[in-house]
Number of protein chains: 2
Amino acid sequence: MRHRLKDVAERAGVSVKTVSNVVNGYVHVRPDTRARVEEAIAELNYRPNLSARHLRKGRTGVIALAVPELDIPYFAELARYVVAAAADFGWTVLIDQTGGGREQERVVASGITDHLIDGLIFSPLALTAEDLAGLDNRPMVLLGERVDHGPADHVVIDNVGAAREITSHLIGLGRRRIAAIGSQRTPEGASARLRLTGYADALRAAGLDYDEALVAPAPAWHRADGAAAMRSLLTSGVRPDAVFCFNDTLALGALRALHEAGLRVPEDVAVVGFDDIEDGRFSIPTLTTVAPDKAQIARLAVELLAERLDGDRTASARELSAPYRLELRESTQLP
Amino acid sequence: MRHRLKDVAERAGVSVKTVSNVVNGYVHVRPDTRARVEEAIAELNYRPNLSARHLRKGRTGVIALAVPELDIPYFAELARYVVAAAADFGWTVLIDQTGGGREQERVVASGITDHLIDGLIFSPLALTAEDLAGLDNRPMVLLGERVDHGPADHVVIDNVGAAREITSHLIGLGRRRIAAIGSQRTPEGASARLRLTGYADALRAAGLDYDEALVAPAPAWHRADGAAAMRSLLTSGVRPDAVFCFNDTLALGALRALHEAGLRVPEDVAVVGFDDIEDGRFSIPTLTTVAPDKAQIARLAVELLAERLDGDRTASARELSAPYRLELRESTQLP
DNA sequence: CCTGCTTTCTACAACGTTGTAGGCAACGTT
DNA sequence: AACGTTGCCTACAACGTTGTAGAAAGCAGG
């Protein structure tokens with residue numbers, strides 16, 4: 001059975017509001033009264049009804065994290081950090097999987113979980129700034145690149161810079177025919193566009209040609225897509241000596257395809273990824289990658305949301321950048 | 001701004017309750033009235049306040065899924081299936097990460113998210129039947145092995161049978177010195193114990209000795225633990241020709257350690273795992289594993305919860321078993 | 001002993017929703 | 001013409017909580 005403030009109040013011989021005051025840490029309660037109430041709470045194992053509290057206060061203590069897919073390791077790792085960061089604020093995190101489609105994302109953003117959550121941390125793939133503009137402006141923090149200069153707070157990393165840096169690393173190793181895997185022409189592909197830009201920048205800076213034939217598209221960024229893209233690069237005869245994959249799962253797929261083709265990594269082809277997922281630290285060979293500071297991304301997102309909730313909801317949108325670093329591993333380092 | 005039934009009612013010129021009836025699909029509403037109300041709902045972009053509805057009805061339409069760690073791929077994949085299965089019932093899933101500790105799990109089970117959720121699907125590591133016995137019995141479905149014959153509904157797979165089968169497969173390939181990685185002595189290690197039992201059964205059935213030195217413990221079941229356990233097996237000099245790892249992440253770590261030791265898989269050592277996570281389909285070599293039917297596990301869990309919510313809450317606990325099959329891949333199949 | 005202040009507590013209303021009870025037409029049956 | 005039945009709708013109360021207003025008791029200062 002479930003007890004209410006009223007039950008506790010009767011047992012302790014005080015009013016309902018006094019129990020509420022004790023629960024909420026109100027100071028002007030006599031110590032012996034407080035003790036009596038706390039005892040009653042313990043005896044009845046009383047827990048506040050969050051729905052009722054929410055109805056009254058307008059806050060639930062729950063925020064949502066919406067990501068395209070949980071079984072993409074990057075998002076699972078990110079979720080872990082967001083849950084941890086939110087715990088510091090006493091928040092529970094409701095994790096929502098959008099699937100990445102534009103319509104599904106619109107539903108989530110417009111608040112299918114309406115009235116249950118105080119705010120939303122949202123990692124959209126397909127959503128555009130216009131989609132967001134028409135919405136109910138529940139406090140929201142966006143992760144990633146898609147909705148540039150939209151109406152909401154934003155945590156990003158410098159995709160162009162990171163892509164340029166890791167491509168330059170490959171060039172510095174003496175590689176000259178550097179392929180890229182993961183380009184996308186769809187509006188969903190904002191990260192892809194930025195990483196491609198960084199890749200092209202690095203080539204240009206080194207005086208290398210940008211060769212369209214070395215750039216392989218990937219409809220999604222799963223292992224299977226990386227493997228397929230790598231295979232098509234190999235059969236097309238362009239003979240790359242390095243591959244920059246736009247995320248780690250693509251890179252793991254590419255490693256697989258190279259292995260099947262009998263090519264050695266890094267001797268014949270160097271491979272780099274992006275995201276620093278745990279798999280890449282144990283793959284054969286281990287994977288050189290761009291490591292965004294996920295803990296920092298999560299913390300910044302939660303802090304932005306907290307400020308938005310407590311402070312001025314109409315203040316203009318802020319954009320914060322999280323750091324990254326290169327993780328050099330076996331897939332580029334000759335033994 | 002956010003609108004209420006009252007706003008819609010005023011706009012449509014009807015009572016609040018009539019709007020509520022339209023929203024809830026009550027039949028006795030004149031078509032023209034219904035149309036007027038629906039128009040007003042659309043114009044105001046009205047959404048019901050779930051907290052208020054819950055307060056009144058005692059249902060939120062939200063269930064929680066509590067797992068030890070989201071960045072263990074098995075749980076992430078499971079989460080995906082649970083979210084999908086729950087959607088069929090119109091439920092939103094709140095995903096909770098317990099961390100796997102006994103105290104944290106007790107907090108979750110006793111309902112830190114109290115009153116916000118209708119029920120709980122729970123994959124405990126450390127919790128004991130006694131822990132659960134004292135709790136508030138919110139409808140709960142348990143996944144996995146730990147709390148055998150506890151008070152709650154339960155979805156399991158036949159760990160002993162699956163472990164026996166995959167070990168027998170190794171024996172059938174002619175392997176004789178078969179190591180096991182992942183044993184645990186702690187109370188958390190229920191799955192470990194069952195899989196070890198199946199392993200020992202298979203050895204006995206084939207007339208092979210159970211050799212303590214071939215069984216390596218793993219404090220957790222991460223890649224790093226698998227790699228460490230494999231290294232210690234190799235340095236101990238027991239020279240296994242096959243390894244049964246109690247889950248896939250352990251196996252991926254073991255593959256890594258074998259690679260570092262210069263041993264070939266499967267030529268020198270065959271490796272098998274358990275869980276069929278996506279990584280194992282792309283690792284080098286790809287991983288032979290026990291593939292539990294995760295979609296079925298998720299569906300059974302959600303259905304059990306639905307029955308518990310709608311039906312008799314005091315009916316005795318049920319235990320359902322989900323199927324599994326062996327996935328034979330490169331880590332055991334000679335080319 | 002009165003006044004004004006502080007501390008401690010209580011009664012009441014309200015948050016947005018839905019179940020219950022009931023009213024009023026319109027209809028068909030006697 | 002009176003009656004019961006049905007369809008459609010409304011008023012009210014209640015779910016459990018907390019903010020507001022204010023009462024009662026204690027205290028200090030005159």
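This is a predicted model, so every value here is computed, not measured. Reminder, nothing fancy here: chain letters follow the sequence lines and each chain counts from 1.
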With the side chain of B:Ser20 defined as its heavy atoms from C-beta on, choose the nearest nucleotide among D:dT10, C:dT18, C:dT8. C:dT18

Please pick, from D:dT17, D:dG7, C:dT18, the nucleotide with the shortest atom-to-atom distance to any side-chain atom of B:His28. D:dG7

For A:Ile63, does its backbone N or O pair with a side-chain atom of A:Asp118 as donor and acceptor, under 3.5 Å? no

In whole angstrom, what separates A:Lys57's NZ from D:dG16's C1'? 13 Å

What is the distance, rounded to the nearest whole Å, between atom OH of A:Tyr26 and atom C1' of D:dT20? 11 Å

Can you tell me if the side-chain N/O atoms of B:Arg53 get under 4.0 Å from OP1 or OP2 in C:dT17? no

When you measure only distances, ignoring hydrogens and angles, does the side chain of B:Lys6 come within 3.5 Å of the base of C:dG16 through a donor and an acceptor? no

Side-chain N or O of B:Thr33 closer than 4.0 Å to phosphate OP1/OP2 of D:dC9: yes

Taking for each residue the nucleotide of DNA chain D with the nearest heavy atom, is it A:Tyr46 or B:Pro31 whose nucleotide lies nearer the 5' end? B:Pro31

Please report the distance, rounded to the nearest Å, between CZ in A:Arg34 and P in C:dT7. 14 Å

Between CG of A:Asn49 and C1' of D:dC15 the distance, given in whole Å, is 8 Å

Would you kindly give the NZ-to-P distance between B:Lys17 and C:dG16, to the nearest whole Å? 18 Å

Whole-Å distance between C:dT6 C1' and A:Arg30 CZ? 14 Å

Is there a side-chain polar atom (N or O) of B:Asn21 under 4.0 Å from OP1 or OP2 of C:dT18? no

With a 3.5 Å cut-off and just heavy-atom distances, do the side chain of A:Arg56 and the base of D:dT18 make a donor-acceptor pair? yes

Could you check how far CZ of B:Arg4 sits from C1' of C:dT17, rounded to whole Å? 12 Å

Side-chain donor or acceptor of B:Glu77 paired with backbone N/O of B:Glu278 under 3.5 Å: yes

Assert: residue with more 5' nearest nucleotide on DNA chain D, out of B:Gly13 and B:Leu55, is B:Gly13

For A:Val16, answer base if it contacts any base atom (sugar-phosphate contacts may also be present), sugar-phosphate if it contacts only those atoms, and nothing otherwise; contact means non-hydrogen atoms under 4.0 Å. base

Say you draw a straight line from CG of B:Leu78 to CG of A:Leu70; how long is it, rounded to the nearest 0.5 Å? 11.0 Å

Would you find a donor on one side and an acceptor on the other, under 3.5 Å apart, between the side chain of A:Lys294 and the backbone of A:Asp275? yes

May I ask you to evaluate whether A:Thr18 reaches the phosphate of C:dT10, defined as a side-chain N or O under 4.0 Å from OP1 or OP2? yes

Partner of A:Ile297 by side-chain contact (heavy atoms from CB on, under 4.5 Å), out of A:Leu320, A:Leu143, A:Val156: A:Leu143

Nearest-angstrom distance from the residue atom CG of B:Leu44 to C1' of C:dG16: 15 Å

Who pairs with D:dT20 - Watson-Crick or G-U, where each distance is under 3.5 Å: C:dA11

